[in-house]
Amino acid sequence: MLVVMNQNATEEQIQNVARVIESKGFISRISVGEIRTVISAIGTKHIDERDFELLSGVAEVIKLKTNYKLTAREFQNEDTIVEVNGVKFGGKYTGLIAGPCAVESYDQVDKTAEELKKSNLKILRGGAYKPRTSPYAFQGMGEEGLKILRSVADNHGMAIATEIMDISQIEKFMKYVDIFQVGARNMQNFNLLKELGKIHKPVILKRGLSSTYEEWLMSAEYIMSGGNGQIILCERGIRTFETYTRNTLDLAAIPVIKKLSHLPIIVDPSHGTGLRDKVEPMSRAAIAAGCDGLIIEVHYNPDCAMCDGAQSLYPSQYDALYNEIKQIAPIVGKEIL
Ligand code: PEP
Ligand code: MN
């Protein structure tokens, strides 16, 4: 709910409205505009706007149509910037994350990280717990995989992003992981989201395979309402009638989410297309559309990858792409650190 004050409302009247908002269990945020002051009531309880309409100094009370609140642009006009290992996502910054689909061995992660370091990579990705369609497919190395990621990343001065699948893994992840990734299949695992709201580490929230923008933001709301505002949304392609590409990468999500929310949005062109030769053009397009970052699968030898080799770039391709997007980003007012 937004309370719009009269043009000549006094400071006392403004403070009184804020007090009443807080007395009803909401957080109040005062935005002083050039002409009017607007006070937002932030919270998830039901609120009766009539309680405010008659308070002195109030011009209008606006009930928001959206169900998401804390993640909405209305509540926070300035962009949220998530920073990890000197890399920033959001505002004028574009962050990069790259690495293999899955952790396969120490050697594989180390060789890949060594290559990526040449392209100035600061955040390494890699799945230790893999959500696979088939129960017979490689499920990931588990905790051993987390240890490998941590040790390789430490050796190269990198941070790590890796997928968490279950609440029971949170404690382990706290020991090893810098960025918790919630995969597309878990976007509506509400119990997991609630628990991630209690931690103090950034969360990448991937868009569900068939989720609308509103459903996606509602999932982010679960994390944020628990107290964790360090959320990075990730567009990774959705299911459509088209089967040529693995998914249909919805780049319109970038301007849409930026309008609806203050949270940073990054793009995963690897899962979004499923084909290595489509990753480079879609990355360029995502940067041109103003995304706040990219997460890209890279393997030192994709032909031998245990998982998603066809969509993984060769390190030389990543390096070429890195040099291209560094030139594109400033055209749309963004900076790649
Ligand atoms: C991944 O990034 O490794 C992954 C499984 O992605 P998604 O959840 O988007 O399918
Ligand atoms: Mn993958």
Side-chain angles (χ1 to χ4, degrees), residues 89 95-104 108-109 112 116 121 123-135 137-142 145-146 148-149 159-166 169 173 177-189 192-193 196 202-211 215-216 219-220 223 231-240 245-251 253 257 265-276 278-279 282-283 286 291 293-314 318:
F89 302 87
L96 298 176
I97 304 171
C101 177
V103 176
E104 300 166 9
Q108 169 245 9
V109 179
T112 306
L116 287 168
L121 186 82
I123 307 177
L124 184 67
R125 64 147 287 152
Y129 296 88
K130 296 301 300 172
R132 304 304 298 277
T133 304
S134 164
F138 175 54
Q139 304 286 308
M141 289 181 73
L146 296 182
I148 290 174
L149 279 171
I160 56 174
T162 191
E163 177 165 355
I164 182 154
M165 287 175 59
D166 193 81
Q169 295 160 351
F173 270 57
V177 178
D178 304 300
I179 305 178
F180 288 49
Q181 177 177 317
V182 176
R185 290 153 194 84
N186 262 318
M187 189 202 84
Q188 288 190 315
N189 182 340
L192 177 62
L193 300 177
L196 295 179
V203 176
I204 292 176
L205 180 64
K206 289 196 141 193
R207 182 179 183 182
L209 289 99
S210 305
S211 298
E215 286 163 344
W216 190 13
S219 288
I223 302 171
I231 304 166
I232 300 170
L233 299 167
C234 177
E235 162 60 38
R236 48 78 70 205
I238 48 171
R239 282 249 166 108
T240 67
T245 46
R246 182 174 180 181
N247 289 292
T248 296
L249 189 63
D250 176 19
L251 290 183
I257 291 295
I265 173 168
I266 66 170
V267 171
D268 173 351
S270 310
H271 294 90
T273 64
L275 300 161
R276 185 184 305 138
K278 311 293 179 284
V279 169
M282 295 316 277
S283 298
C291 72
L294 294 171
I295 179 165
I296 299 177
E297 287 188 341
V298 181
H299 193 293
Y300 83 99
N301 182 5
D303 304 321
C304 295
M306 290 174 77
C307 184
D308 288 350
Q311 67 189 37
S312 299
L313 296 185
Y314 292 90
Y318 179 81

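First listed ligand is number 1; within each ligand, the first listed atom is number 1. Please read all numbers here as calculations on a predicted model, not as lab measurements. What you see below is based on every heavy atom in this structure, not just the backbone, and it leaves out hydrogens, waters and symmetry mates.
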Participant: Donor-acceptor pair, distance only, cut-off 3.5 Å: does the side chain of Arg125 make one with the backbone of Cys101?
Facilitator: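 Yes; judged by distance alone, with no hydrogens or angles, the pair exists.
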Participant: Closer than 2.8 Å to the Mn ion (ligand 2), which protein N, O or S atoms?
Facilitator: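 Counting only protein N, O or S atoms under 2.8 Å from the Mn ion (ligand 2), the list reads Cys101 SG, His271 NE2, Glu297 OE2, Asp308 OD2.
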Participant: Minimum heavy-atom separation for Gly208 to Met187, with atom names?
Facilitator: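 Smallest heavy-atom distance, with atoms named: N-SD, 3.1 Å.
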Participant: Could you list the residues that satisfy side-chain contact (heavy atoms from CB on, under 4.5 Å) with Thr248, not counting sequence neighbours?
Facilitator: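 Counting only residues at least two positions away or on another chain, Thr248 forms a side-chain contact (heavy atoms from CB on, under 4.5 Å) with Thr240, Glu242.
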Participant: Say whether, by atom type as modelled, one donor and one acceptor occur between the side chain of Gln139 and the main chain of Ala137 under 3.5 angstrom.
Facilitator: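 Between the backbone of Ala137 and the side chain of Gln139 there is a qualifying donor-acceptor contact (under 3.5 Å).
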Participant: Using modelled atom types and a 3.5 Å cut-off, is there a donor and acceptor pairing between side-chain atoms of Thr112 and backbone atoms of His299?
Facilitator: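 Such a contact is absent between Thr112 side chain and His299 backbone.
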Participant: Quick one: list whatever passes salt bridge (charged side-chain N to carboxylate O under 4.0 Å, His left out) with Arg207, sequence neighbours left out.
Facilitator: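 Scan of Arg207 (salt bridge (charged side-chain N to carboxylate O under 4.0 Å, His left out), adjacent residues dropped) gives Glu235, Asp250.
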Participant: Any sub-3.5 Å donor-acceptor pair from Glu215's side-chain atoms to Gln188's backbone N or O?
Facilitator: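 Not confirmed, Glu215 side chain does not pair with Gln188 backbone.
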Participant: Could you tell me whether the side chain of Asn247 and the main chain of His271 form a donor-acceptor pair under 3.5 Å?
Facilitator: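 Yes.
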Participant: Does Asp308 pair with Arg246 as a salt bridge, N-O distance under 4.0 Å?
Facilitator: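 Arg246 and Asp308: salt-bridged.
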Participant: Let me know which protein residues bring a heavy atom to under 4.0 Å of ligand 1; chain then number is fine for ordering.
Facilitator: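 Heavy-atom contacts below 4.0 Å: Arg125, Lys130, Glu163, Gln181, Gly183, Ala184, Arg185, Lys206, Arg236, His271.
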